[in-house]
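Computed from a predicted model, the values in this text were never measured in an experiment.
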Amino acid sequence: RDHCVTGVQTCALPICRLRPAPLQGTPLQHDAGWRALLASLPPGPPAALPNAPIAASDRDAGAITATRANAERAGVAAAIDATVAALTKQPWFAREGAAPARGLVATNPPFGLRVGGGDLANLYQTLGHRVKQLGPGWRLAILAHDPRLARRTGIPLRQVFASNHGGVQVTALVSET
């Protein structure tokens, strides 16, 4: 996915009941805490979806089709607005005031390998510019194959962890609050 933006509020969706814990196999995984969280959730899909808008977009229509299918299978399709759009055309980025006052932009931008080794500096700079335009209530989480490119966003980032992603070493970085 090029990017996913979400308003940040507390939600009680049964996250990852259909798959392994998202940090499984990393030093950040806390097995007992994860099991306790899952055990505390009511069975089945939530009675009501959270009041936290989620907007997902990608310029690849196939990625959006997969996003919608996955959301449907997880029972959360009504909570996600998935749009085929390039970064600058993503509705929350394209229209001032369209996004909530605060939230998180979580992104896995293209790797050089995925785009034929092209220059990605402009993409990362544009991402940073658009996130800054959302306002001070927004944070950025980015999974990057090259932390130097991620820093081209112009947003101060700290490394959370590094991992192997499909044979490529990647680093997860987040902005401060």
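- No side-chain heavy atom of His129 sits under 4.5 Å from any side-chain heavy atom of Thr126.
- What you find for Ala99 and Trp138 is that their closest heavy atoms are CB-CZ2, 3.9 Å.
- Between the CG atom of Asp58 and the CD atom of Gln90 there is a distance of 11.0 Å, given to the nearest 0.5 Å.
- Distance check: Ser57 OG to Asp81 CG gives 9.0 Å after rounding to the nearest 0.5 Å.
- A distance of 6.5 Å separates CG in Leu127 from CD1 in Ile155, rounded to the nearest 0.5 Å.
- You'll find the side chain of Leu134 reaches within 4.5 Å of the side chain of Val105, heavy atoms only.
- Dense packing is recorded around CZ of Arg151, with more than 12 heavy atoms of other residues, nucleotides or ligands lying under 6.0 Å away.
- Here the straight-line distance linking atom CG of Asn70 with atom CD1 of Ile80 works out to 9.0 Å at 0.5 Å rounding.
- Between the CZ atom in Arg130 and the CZ atom in Phe93 there is a gap of 8.0 Å [rounded to 0.5 Å].
- Of all non-hydrogen atoms in Pro110 and Leu120, the two that sit nearest each other are O-CD1, 3.2 Å.
- Within the 4.5 Å cutoff, the side chain of Thr83 has no heavy atoms near those of the Lys89 side chain.
- Within the 4.5 Å cutoff, no side-chain heavy atoms of Val131 are placed close to those of Thr153.
- Ser175 places a side-chain N or O within donor-acceptor distance of the main-chain N or O of Leu140, the cut-off being under 3.5 Å.
- A 6.0 Å sphere centred on CD of Gln169 holds more than 12 heavy atoms belonging to other residues, nucleotides or ligands.
- Considering only residues two or more places apart in sequence or on other chains, Glu72 meets the side-chain contact (heavy atoms from CB on, under 4.5 Å) condition with Ala77.
- Residues Pro109 and Ile142 have side chains in contact (heavy-atom distance under 4.5 Å, counting atoms from C-beta outward).
- Counting only distance, with no hydrogens or angles, the side chain of Arg68 and the backbone of Ala82 share a donor-acceptor pair below 3.5 Å.
- Between Leu173 and Ala150 the shortest heavy-atom distance is CD1-CB, 3.7 Å.
- Residues Gln159 and Leu157 have side chains not in contact (no heavy-atom distance under 4.5 Å, counting atoms from C-beta outward).
- Here the closest non-hydrogen pair linking Trp92 and Pro53 is CH2-O, 3.5 Å.
- Of all the heavy atoms in Tyr124 and Ala144, the pair that sits closest is OH-CB, 4.3 Å.
- Across every non-hydrogen atom of Val174 and Ala141, the tightest pair is CG1-CB, 3.9 Å.
- Rounded to the nearest 0.5 Å, atoms OG1 (Thr67) and CG (Asp60) are 9.5 Å apart.
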